[in-house]
*Asks:* 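What follows is a single structure, and I will ask about it in a moment.
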Amino acid sequence: MLGLPALIGMIVVGISVGVLAVHLAGGSARPQLADDDETRSIFLADFPESRIGPIVYTHDRRTAFFELPTHQTGIVHGIGNKFLTRCISASDVAGAEPAGEHALNVRWHDITWPRQTFSFASDTERRIVRAWLQGPAMSAEGITHERAHVL
């Protein structure tokens with residue numbers, strides 16, 4: 001019969017080996033957006049009717065923002081090893097305030113993604129994205145259209 005310390009040790013080692021195996025298999029890799037073509041293809045797979053304007057990337061290239069012709073902002077955001085796509089209107093944004101050098105702290109009216117801080121390469125990029133997010137709202141209902149894209 002195994003003692004309690006031996007059993008706890010076996011559990012800790014087993015979990016550690018499992019986490020290491022997932023990490024080495026690429027499970028902890030964070031996706032990055034390589035270029036505009038990849039960003040467009042990910043977004044258009046979920047919203048094929050959209051026309052995408054100029055794209056602004058975060059400093060780590062895990063998130064892309066772009067203006068949509070309907071006064072909304074399109075977002076492609078890396079979560080885990082997948083990408084989340086969203087169409088955001090101004091009514092979906094609770095606040096978008098500068099935070100530190102070239103960073104933007106965004107609060108959403110969405111409990112699934114309440115707050116995120118995005119860091120940009122320049123203050124100009126931060127101002128552009130902030131203006132897009134605070135643009136005129138198209139609907140009073142504040143409907144958010146969200147789809148998850150699995151690669």
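Predicted model, so just to flag it, every value in this text is computed and none were measured.
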*Asks:* Could you list the donor-acceptor pairs under 3.5 angstrom formed between side-chain atoms of residues 58-65 and any protein atom two or more places apart in sequence or on another chain?
*Replies:*
residue: Thr58; atom: OG1; partner: Asp60; partner atom: OD1; Å: 2.7
residue: Thr58; atom: OG1; partner: Thr63; partner atom: N; Å: 3.3
residue: Thr58; atom: OG1; partner: Thr63; partner atom: O; Å: 3.4
residue: Asp60; atom: OD1; partner: Arg62; partner atom: N; Å: 3.1
residue: Arg61; atom: NE; partner: Leu33; partner atom: O; Å: 2.9
residue: Arg61; atom: NH2; partner: Leu33; partner atom: O; Å: 3.4
residue: Arg61; atom: NH2; partner: Ala34; partner atom: O; Å: 3.1
residue: Arg62; atom: NH2; partner: Gly78; partner atom: O; Å: 2.4
residue: Thr63; atom: OG1; partner: His77; partner atom: ND1; Å: 2.6

*Asks:* Considering residues at least two apart in sequence or located in another chain, which fulfil the side-chain hydrogen bond (donor to acceptor under 3.5 Å, both in side chains) criterion with Trp113?
*Replies:* Gln116

*Asks:* Closer than 3.5 angstrom, by distance alone: can the side chain of Gln72 be matched with the main-chain N or O of Leu68 as a donor-acceptor pair?
*Replies:* no

*Asks:* Please say yes or no: joined through hydrophobic side-chain contacts below 4.5 Å, possibly via intermediate residues, are Ile11 and Val19 part of one cluster?
*Replies:* yes

*Asks:* Under the salt bridge (Lys or Arg N to Asp or Glu O under 4.0 Å) rule, collect the residues that match up with Arg40, sequence neighbours excluded.
*Replies:* none

*Asks:* What are the two closest heavy atoms between Asn105 and Ala99, and how far apart are they?
*Replies:* CB-CB, 4.0 Å

*Asks:* Nearest heavy-atom pair of Thr117 and Ala103: which atoms, and what distance?
*Replies:* CG2-CB, 4.1 Å

*Asks:* Can you list the residues that meet the salt bridge (Lys or Arg N to Asp or Glu O under 4.0 Å) rule with Asp123, with sequence neighbours excluded?
*Replies:* Arg126, Arg127

*Asks:* Going by the side chain to side chain contact (heavy atoms under 4.5 Å, CB included) test, name the single residue among Ile52, Ile42, Ile55 that passes it with Val76.
*Replies:* Ile42

*Asks:* Not counting sequence neighbours, which residues clear ring-ring contact (aromatic ring centres under 6.0 Å, His included) with Phe66? List them please.
*Replies:* Phe43

*Asks:* Got a sec, which hydrophobics cluster with Val17, joining ILVMFWY side chains under 4.5 Å apart, including via others?
*Replies:* Val13

*Asks:* Hey, does Trp108 have a side-chain heavy atom less than 4.5 Å from the side chain of Leu133?
*Replies:* yes

*Asks:* Apply the test side-chain hydrogen bond (donor to acceptor under 3.5 Å, both in side chains) to residues Ser89 and Asp92: give CA-CA distance (whole Å), side-chain angles for both, the deciding distance (0.1 Å), then the verdict.
*Replies:* CA-CA 5 Å; Ser89 65; Asp92 297 323; 3.3 Å; yes

*Asks:* Is there a side-chain contact between Phe120 and Ile128 (heavy atoms, below 4.5 Å)?
*Replies:* no

